[in-house]
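Each chain gets a letter, A, B and so on, in the order its sequence line appears, and its residues count up from 1.
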Protein chains: 2
Amino acid sequence: MTAPLHEGHPTGPGRALPDTQQGMRRRNLARVMHTVGAEGPLSRASVASRIGLTRAAVSTLVDELIRSGLLEELGPERPGRVGRPGSALAVSGRGPAGIGAEVGVDHLAVCAVDLRGEVRARAVRHGTNRGRAPGPVLEELASLLRLVVADAEREGLWPAGLAIAVPGLVAPDARTVVRAPNLGWHDLDLGALLPAELPLTVDNEANFGGLAELWLGEGTPRDFLHVSAEIGIGAAVVVDGRLLRGTRGFAGELGHVPVQPDGPECACGGRGCLEQYAGEEAVLRAAGLEPGEDRVGLLAGRAAAGDESVRQALRDAGTAFGVALTGAVNLLDPESVVLGGALAALAPWLLPSLREELARRTAGPACAVSVSRLGPEGPLLGAAHSVVRTVLDDPAAVAERG
Amino acid sequence: MTAPLHEGHPTGPGRALPDTQQGMRRRNLARVMHTVGAEGPLSRASVASRIGLTRAAVSTLVDELIRSGLLEELGPERPGRVGRPGSALAVSGRGPAGIGAEVGVDHLAVCAVDLRGEVRARAVRHGTNRGRAPGPVLEELASLLRLVVADAEREGLWPAGLAIAVPGLVAPDARTVVRAPNLGWHDLDLGALLPAELPLTVDNEANFGGLAELWLGEGTPRDFLHVSAEIGIGAAVVVDGRLLRGTRGFAGELGHVPVQPDGPECACGGRGCLEQYAGEEAVLRAAGLEPGEDRVGLLAGRAAAGDESVRQALRDAGTAFGVALTGAVNLLDPESVVLGGALAALAPWLLPSLREELARRTAGPACAVSVSRLGPEGPLLGAAHSVVRTVLDDPAAVAERG
DNA sequence: ACTAATTTGTAAACGGCCATGACGAAATAG
DNA sequence: CTATTTCGTCATGGCCGTTTACAAATTAGT
């Protein structure tokens, strides 16, 4: 009876359910969950009017969701208007939880997020993973995982799935890391190396960062570019609330957009790619610094301290970003561009020249550029929330397991 | 009872129907129509297995569609396999038709397409519309329209809607031409100037060209860039079978992607935009030609005749295209890039340098670049088919009117 | 304080729709 | 000529949202 969830990469609300009565029921259950989850405590009547069903129908849907423990009744609303007050419904703080994990270059992190979207447990281990063998790293990750799951279970949660963000390219099976240069990993099936108790999804951390921005960002934008720079310079392209992956899963390679067609050669085969001007290495070199351990922290620190050569290097990088983003904005006409991940920390010195360049090249009002408020937490939260979304997208599937 | 179709711009299959039993029924009717339409004559049983319903359910759906005149029974299939042969079903060649129209710079065209996708009537008037007042042009269009509708009706068709392709920017209401520089039109509500007998949709001709490629192109690609150059250089971005419009409807402005950041100034405010190197004017200038009436034809003619300066100009334009498309391909990872519209005629001289540049800047196999087989017909066919799609997407809505 | 009006949630009857299972019809295979 | 397979249809049943009615709980008006 379970639908094929977790197939391929996580995407937006899955319209994969068949157009049969049971499929309809499941979609309506999902719509109730989403509505209550997104718009706070709501009465049955308001849910009904929002999703276009009758109160009676919503009543039965809600009954089923309450019996499954996915929704809970908070009791009568405070009556402000005329008429009988409704009974407030809220997404349950117990039951299934999404487990998110991140394998960063300099840390490991795991967290548990409940259906309400709140982080209920977390564990972090700092220390570089650059060049370490995958085995020990994943064993360490598994121990953090056990810790977080135990914490979550103490709070009445049970793990509904695990999503892992990695700094590299992931195969379409959503399990295999094709290559993660900064870790030195390649062709690694994480599913085979981790305890297989949970449905597993692996994805690029830039993608999870973009999804986090989509689900948790300010103003709930549905069309934007989320630019981050952990490995190279990547952008998550979100169109109409869906992450654009491309036919081969290579979409968002902003780092290899040509900025100066006859510029220096790039490893990708091209010339004058954005990465040659705004990549980590290029900026460090332009600033006259040696590549060390915490490169981004080093840059941010020097810039904050007033180091003019670092500031100039970042200004130039911002200008290059502006050129590349002009192309992207002309092509996609997004609502906004959001700087996330490591770029968020450098934003104060990147933004002015970036915005200036973008505005200079745009007729009319330029596309808004902002900084993600999620900062470096994005990918981890996005991963955990992606699991939560699968539950919200098909509550009936999880009710059977609970 | 009619659903709000024709709202806003035409898009992919509309998932706007409510999750109620009637909505389900309507979606299933649509799925039967699409399946039969796309995969030729099919028996009830094959339709059932394809869309995941039972034979009994499909039988009732088909009955309804036959009664409405949207489907017709061709009789028993030739039995090749064991078992009782099925009765072949096909989309009807009578009934509703989509009327497409194109207001080009040098011509007016109208055609009628039946539900099978075949052009059943057409009318064209050649002659420039550059700078003519909108009134007379639209009157002429209306007369062509009457001609085509009369022809179509003689064949048992009735017009289900009208879609007009214009060389310019169209407001989100899908009726108002914001500006069409080559026509000299601005802020023109076509809905108010044409007989309002039919549901009307107006859209950019580049968008309709892209949709035509999506619906009628070879290999039914779902992720591609359709590049055309009627007004400036525009690209229709198709992602997962849907046309990407952008938040303001400005998506696909490939012409203003920076190719040389410190190149010549452009009207858009930028510098070194693709249009400065591969735009019509730029190429004519580089080739040492005067802008005349049929500019593209002139270029193609000279190039075919062996004019080396024209060929060199087109080669250089192709290289500039290659640079801009490298950025686009890196960002979107499409299945292919298709050259359509006027570019199709110039493709022989553009393609080699374009492909070379794209390949040179790509690690691994470069994105495929092909030429649309629809050529200059694309926008007109796309317009007509967009109406057909709205019928296929909700057959129940039209059955009431028939 | 009392009545009228309004809104909420529930229950029962209803109708629509797809699934199930059985059956006759029409072909092939042996 | 019989067994088998497949197709289309019919009757039955179960699921699900709607409709209608009603009790409960609040506000507005007198």
Side-chain angles (χ1 to χ4, degrees), chain A residues 1 17-32 35-36 41-67 71-90 395-396 399, chain B residues 1 3 17-32 35-36 41-67 71-90 395-396 399-400:
Chain A
M1 185 68 60
L17 290 86
D19 264 319
T20 171
Q21 295 182 101
Q22 295 176 25
M24 180 176 74
R25 180 76 175 174
R26 287 166 74 170
R27 276 193 299 273
N28 282 335
L29 287 168
R31 291 212 292 165
V32 171
T35 309
V36 174
L42 241 46
S43 69
R44 291 168 176 75
S46 7
V47 172
S49 71
R50 267 159 233 255
I51 66 179
L53 297 180
T54 59
R55 298 200 306 272
V58 171
S59 261
T60 70
L61 291 165
V62 166
D63 281 357
E64 189 172 333
L65 291 169
I66 288 180
R67 271 200 309 278
L71 237 44
E72 59 189 29
E73 194 129 27
L74 298 182
E77 285 174 331
R78 276 261 304 288
R81 300 172 309 283
V82 56
R84 168 180 169 179
S87 182
L89 300 167
Chain B
M1 184 66 63
L17 291 90
D19 265 318
T20 172
Q21 293 183 106
Q22 294 176 24
M24 181 175 73
R25 180 75 175 176
R26 287 165 74 170
R27 275 192 300 273
N28 282 334
L29 287 169
R31 292 210 293 164
V32 171
T35 308
V36 174
L42 242 45
S43 69
R44 291 169 175 76
S46 5
V47 172
S49 71
R50 266 159 234 254
I51 67 179
L53 297 181
T54 59
R55 296 198 310 267
V58 170
S59 261
T60 71
L61 291 165
V62 166
D63 281 356
E64 189 173 335
L65 291 169
I66 288 180
R67 270 199 310 278
L71 237 45
E72 59 188 30
E73 192 128 27
L74 298 181
E77 285 174 328
R78 275 262 305 287
R81 301 172 308 284
V82 57
R84 170 180 167 179
S87 180
L89 300 167
E400 301 162 4

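Counting any heavy atom pair closer than 4.0 Å across all strands shown, B:Ser43 reaches sugar-phosphate atoms only and no base atom. Residue-level contact check: B:Ala57 touches the backbone only, with heavy atoms under 4.0 Å from sugar-phosphate atoms and none from bases.
Here B:Asn28 reaches the OP1 or OP2 of C:dC18: one of its side-chain N or O atoms lies under 4.0 Å away. Listed pair A:Ser59 / C:dT10 meets the phosphate criterion, a side-chain N or O lying under 4.0 Å from OP1 or OP2. Dashed line: the shortest gap from a side-chain N or O of B:Thr54 to OP1 or OP2 of C:dA19 is under 4.0 Å. Taking 4.0 angstrom as the limit, B:Arg81 places none of its side-chain polar atoms (N or O) nearer than this to OP1 or OP2 of D:dT6.
Taking atom CD of residue A:Gln21 and atom C1' of nucleotide D:dT18, one finds them 14 Å apart after rounding to whole Å. Whole-Å rounding puts the B:Glu77 CD to C:dA27 C1' distance at 12 Å. Nucleotide C:dC17 holds its P atom 8 Å from the CD atom of B:Glu64, rounded to whole Å. Atoms CZ (B:Arg27) and C1' (C:dC17) sit 13 Å apart, rounded to a whole Å. Atoms CG (B:Leu29) and P (C:dC18) sit 8 Å apart, rounded to a whole Å. Summarising the geometry, the separation between CZ on B:Arg26 and P on C:dG16 is reported as 16 Å, rounded to the nearest angstrom. With rounding to whole Å, B:Arg44 atom CZ is found 12 Å from D:dC7 atom P. What separates CG of A:Leu89 from P of C:dT10 is a distance of 9 Å, to the nearest Å.
Along DNA chain C, the nucleotide nearest B:Arg55 and the nucleotide nearest B:Met24 are compared for position; the residue whose nucleotide lies closer to the 5' end is B:Met24. Remark on DNA chain D: of its neighbouring residues A:Pro85 and B:Gly86, the 5'-side contact belongs to B:Gly86, judged by nearest-heavy-atom nucleotide.
With a 4.5 Å cut-off on side-chain heavy atoms, A:Leu89 and A:Leu42 do not count as touching. With contacts defined as side-chain heavy-atom distances shorter than 4.5 Å, the pair B:Val32/B:Val62 qualifies.
To the nearest 0.5 Å, atom CZ of residue A:Arg25 and atom CE of residue B:Met24 are 13.0 Å apart.
Under 4.0 Å is where a charged nitrogen must lie from a carboxylate oxygen, and between A:Arg26 and B:Asp19 no such pair does. The pair A:Arg44-A:Glu73 meets the salt-bridge criterion, since a charged nitrogen lies less than 4.0 angstrom from a carboxylate oxygen.
Counting atom types as modelled, A:Gln22 pairs no side-chain N or O with a base atom of D:dG14 as donor and acceptor under 3.5 Å. A:Arg84 contributes a side-chain N or O that forms a donor-acceptor pair with the base of C:dT8 under 3.5 Å.
Distances were taken from every side-chain heavy atom of B:Val82 (C-beta onward) to each of C:dG15, D:dT5, C:dT20; the shortest belongs to D:dT5.
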